[in-house]
Engineer: 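Pasting a structure below so you can have a look.
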Amino acid sequence: MEYSANSCFSNMPCLSCSSSGQVTAGVLRGQRSRFQLFGDTMNTAARMESSGECSRIQVSQVTADLLKDAGLSRWIVPRSTKMFVKGKGEMQTYWVDKCSRPIKPKSVDPESTMETLDEEAESEESSESAEADDIEEMNKTKRLVEWNVEVLTSLLEQIVGSRDGDVANQIQTLSGVEQSIGAGGRTVLEEFTPIIQLNRFDVEVLKRRGGPTSMISIGNEAKSQLRNYISSIAEMYPQNPFHNFEHASHVTASVKKLLARIVNVDEGNGLGAGSNPSITADLVDLAGHSYGITSDPLTQFAVVFSALIHDVDHPGVPNTQLVKENTRCAQIYKNKSVAEQKSVDIAWDMLMSEEYAALRSSIYHTEQDLQRFRQLVVNTVMATDI
């Protein structure tokens, strides 16, 4: 860390937080392609912002130790109170205080003072209004992210609960299979299949899965990765009038509601009657009505997941316009379902990154489950090209 006395935010107040450690870096593809960092270090720095102060640099204990090792301990001043960081508890943080001495103000022309003050006042009002809009939008997005996290976590818990036996010994090394998906020059649409064979209805799966009050958990690591993944997905939705993250969340809510009409195993449909043999006929009848989805949480998760990611990085115009303009994406996806194929590729590539390993193991743990999940996502998102 190195800066001069003249760069201590004298002209533009800002808030800065820093943490040090390993990160995952990559370029997110799409119309809004950008270089981005992921990982625990980035999350820590972001959460430190809530306790920061304007025009001051706040650093974590790790960063402070690095400054001390570099012989710059005189730069750092410990905060008088510890801050609470979600997921980590209390943390000791520090201020970087190299620029503690006041900066000599520049001379001002007295005749232009009032005019300058008026301009600054108007600029400040405009800035405050824009900042308020940004905060409101940020709060809305965070709330939508948390709602989606809870919906998908509930479905993942049902997936984990439906697994039989010693799951740890069943988990296969799937990195090779994961890397092969989408390789070989095939487009997403070329993976589409007219018919997907769903699992047959299985009463035993329902019994293992348990009800909504069961103690099944996907674990803190997987849930944290799910939250990070959905947050990244939210960022990749452009601020289009329609194809935005709020729209994706509305579609997710609708899909969840429709699924609840055929997969509610707790009340009102004969599935909550325990192990009474007399209800077997009702169970089979319901299974026929729902095509086996009732006892297939992976299918339920795949459909809801697809609703969330179906418009990622959408350009805001129809596919016909993209084809007419002969855009790069239209060429890549051979002028068919252009936006939908791109959304699948972006969301899938991000899910396959190393930082989401625990999340993936909650979704699938065998090659068969992986291939079935992929096919369900492809077919579901391609079906949104109407």
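Below, each value reflects all heavy atoms present in this structure, side chains not excepted, and no hydrogens, waters or symmetry copies.
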Engineer: Which heavy-atom pair separates Trp147 from Ser249 by the least distance, and what is that distance?
Structural biologist: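 Looks like CZ3-O, 4.0 Å.
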Engineer: For the residue pair Tyr364 and Leu174, establish whether any side-chain heavy-atom pair is separated by less than 4.5 Å.
Structural biologist: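 Result yes, sub-4.5 Å side-chain heavy-atom pair found.
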Engineer: Quick one, Leu155 and Pro297 - any side-chain contact, counting heavy atoms below 4.5 Å?
Structural biologist: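 Sidechains of Pro297 and Leu155: no contact.
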Engineer: Is the closest basic N to carboxylate O distance between Glu355 and Arg360 below 4.0 Å?
Structural biologist: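 So Glu355 does not pair with Arg360 through a salt bridge.
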Engineer: What's the verdict on side chain to side chain contact (heavy atoms under 4.5 Å, CB included) for Val59 and Thr93, showing C-alpha distance, side-chain angles and the deciding distance?
Structural biologist: CA-CA 6 Å; Val59 299; Thr93 59; over 6 Å; no
Engineer: Can you sort out the partners of Ala358 under side chain to side chain contact (heavy atoms under 4.5 Å, CB included), two or more places apart, ordered by chain and number?
Structural biologist: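 Only Glu221, Ala222, Gln225 meet the side chain to side chain contact (heavy atoms under 4.5 Å, CB included) criterion with Ala358.
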Engineer: If you define the side chain from C-beta out and look only at heavy atoms, does anything of Phe305 sit under 4.5 Å from Leu351?
Structural biologist: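 They are in contact (side-chain heavy atoms under 4.5 Å apart), so the answer is yes.
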Engineer: With a 3.5 Å cut-off and no angle check, do the side chains of Tyr356 and Asn228 form a donor-acceptor pair?
Structural biologist: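 Absent: no donor and acceptor within the cut-off.
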Engineer: Is Phe245 close to Asp311 at the side-chain level, that is, under 4.5 Å between some pair of heavy atoms?
Structural biologist: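 A side-chain contact under 4.5 Å is absent here.
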Engineer: Do you know which two heavy atoms are closest between Val251 and Ala307, and how far apart they sit?
Structural biologist: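 So the minimum-distance heavy-atom pair works out to CG1-CB, 3.8 Å.
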Engineer: Roughly how far, to the nearest 0.5 Å, is CD1 of Ile233 from CE of Met350?
Structural biologist: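 It comes to 3.5 Å.
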Engineer: Is there a chain of hydrophobic side chains (I, L, V, M, F, W, Y, each step under 4.5 Å between heavy atoms) that links Leu67 to Val77?
Structural biologist: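 No, because Leu67 and Val77 fall into different hydrophobic clusters, even though each may have its own neighbours under 4.5 Å.
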Engineer: Tell me whether Glu191 is salt-bridged to Arg186, with the criterion being a basic N under 4.0 Å from an acidic carboxylate O.
Structural biologist: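 Between Arg186 and Glu191 there is no salt bridge, as every charged N stays at least 4.0 Å from the carboxylate O atoms.
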Engineer: Taking C-beta and beyond as the side chain, do Thr41 and Ser20 meet within less than 4.5 Å on heavy atoms?
Structural biologist: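 No - every pair of side-chain heavy atoms lies 4.5 Å or more apart.
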Engineer: In terms of hydrophobic clusters joined by side-chain contacts under 4.5 Å, are Val96 and Val62 together?
Structural biologist: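 Not linked; separate clusters.
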Engineer: How long is the straight-line distance from CZ of Arg227 back to OG of Ser231, given to the nearest 0.5 Å?
Structural biologist: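 Here the interatomic distance stands at 7.5 Å.
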Engineer: Does one hydrophobic cluster hold both Leu66 and Ile76, with members joined at side-chain heavy-atom distances below 4.5 Å?
Structural biologist: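 They do not share one cluster, since no chain of ILVMFWY contacts under 4.5 Å joins Leu66 to Ile76.
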Engineer: Trp95, Leu72: one ILVMFWY side-chain cluster at the under-4.5 Å cut-off?
Structural biologist: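 Shared cluster, no.
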Engineer: With a sphere of 6.0 Å drawn around NZ of Lys82, does it hold more than 12 non-hydrogen atoms of other residues, nucleotides or ligands?
Structural biologist: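 No - once you tally the heavy atoms of other residues, nucleotides and ligands closer than 6.0 Å, there are 12 at most.
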Engineer: To the nearest 0.5 Å, how far apart are CD1 in Ile309 and CE in Met236?
Structural biologist: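 Interatomic distance, Ile309 CD1 to Met236 CE, rounded to 0.5 Å: 11.0 Å.
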Engineer: Who are the side chain to side chain contact (heavy atoms under 4.5 Å, CB included) partners of Asn379, not counting sequence neighbours?
Structural biologist: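 Partners of Asn379 under the side chain to side chain contact (heavy atoms under 4.5 Å, CB included) test: Phe192, Thr193, Ile196, Gln375.
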Engineer: Give the ring-plane orientation class for Phe373 versus Phe301, where under 30° counts as parallel, over 60° as perpendicular and anything between as tilted.
Structural biologist: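 It falls in the tilted class, 30° to 60°.
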Engineer: Can you give me the closest heavy-atom contact between Ala64 and Tyr94, atom names plus distance?
Structural biologist: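 In terms of heavy atoms, the two residues are closest at CB-CD1, 3.5 Å.
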Engineer: For Pro318, is there any backbone N or O sitting under 3.5 Å from a side-chain donor or acceptor partner on Gln321?
Structural biologist: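 Between the backbone of Pro318 and the side chain of Gln321 there is no qualifying donor-acceptor contact (under 3.5 Å).
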Engineer: With a 4.0 Å cut-off, would you call Asp296 and Arg372 a salt bridge?
Structural biologist: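 Yes, this pair counts.
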Engineer: Please evaluate residues Lys223 and Glu157 with respect to the criterion side chain to side chain contact (heavy atoms under 4.5 Å, CB included), reporting the C-alpha separation (whole Å), side-chain torsions for both, the decisive distance (0.1 Å), and the verdict.
Structural biologist: CA-CA 10 Å; Lys223 188 167 184 177; Glu157 289 172 346; over 6 Å; no
Engineer: Could you tell me whether the side chain of Asp313 reaches within less than 4.5 Å of the side chain of Ser343, counting heavy atoms only?
Structural biologist: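 Contact flag for Ser343/Asp313 side chains = no.
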Engineer: Checking Met91 against Gln61 for the side chain to side chain contact (heavy atoms under 4.5 Å, CB included) test, could you report, in this order, the C-alpha distance in whole Å, the side-chain angles of both residues, the deciding distance, and whether it holds?
Structural biologist: CA-CA 8 Å; Met91 276 183 55; Gln61 181 69 60; 5.8 Å; no
Engineer: If every non-hydrogen atom of Gln341 is compared with every non-hydrogen atom of Val188, which pair is closest and at what distance?
Structural biologist: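 So the two residues come closest at OE1-N, 3.2 Å.
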Engineer: At what distance, to the nearest 0.5 angstrom, does CD1 of Ile346 lie from OG of Ser232?
Structural biologist: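 Answer for the CD1-OG pair, Ile346 versus Ser232, is 12.5 Å.
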Engineer: In the structure I gave you, are the side-chain heavy atoms of Arg374 and Val344 within less than 4.5 Å of one another anywhere?
Structural biologist: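 The answer is yes, as the side chains (C-beta and beyond) meet within the 4.5 Å cut-off.
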Engineer: Looking at every non-hydrogen atom in both residues, tell me the closest pair between Ala302 and Leu376 and how far apart they are.
Structural biologist: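 Scanning both residues, the minimum pair turns out to be CB-CB, 3.7 Å.
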Engineer: Taking all non-hydrogen atoms of both residues into account, name the closest pair between Thr153 and Leu226 and its distance.
Structural biologist: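 Result for this residue pair: OG1-CD2, 3.3 Å.
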Engineer: Check whether any side-chain heavy atom of Pro315 sits under 4.5 Å from a side-chain heavy atom of Lys342, and report yes or no.
Structural biologist: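 Counting from C-beta outward, Pro315 and Lys342 do come under 4.5 Å.
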Engineer: Assess the residue pair Gln179 and Met352 against the criterion (side chain to side chain contact (heavy atoms under 4.5 Å, CB included)); give the C-alpha distance rounded to whole Å, side-chain angles, the decisive distance to 0.1 Å, and a yes or no.
Structural biologist: CA-CA 8 Å; Gln179 294 172 8; Met352 291 300 109; over 6 Å; no
Engineer: Could you give the distance from CD (Gln239) to CG (Asn244), rounded to the nearest 0.5 Å?
Structural biologist: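 These two atoms lie 6.5 Å from each other.
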Engineer: About how many Å separate CD1 of Ile159 and CZ of Arg163, when rounded to the nearest 0.5 Å?
Structural biologist: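 One gets 7.0 Å once the value is rounded to the nearest 0.5 Å.
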Engineer: Let's go through Asn240 and His314 carefully: what are the C-alpha distance in whole Å and the side-chain angles of both, what is the deciding distance for side chain to side chain donor-acceptor pair (under 3.5 Å) to 0.1 Å, and is it a yes or a no?
Structural biologist: CA-CA 8 Å; Asn240 293 324; His314 197 288; 4.6 Å; no
Engineer: According to side chain to side chain contact (heavy atoms under 4.5 Å, CB included), who are the partners of Thr384, at least two apart in sequence or on a separate chain?
Structural biologist: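 Thr384: side chain to side chain contact (heavy atoms under 4.5 Å, CB included) contacts with His310, Glu340, Val381.
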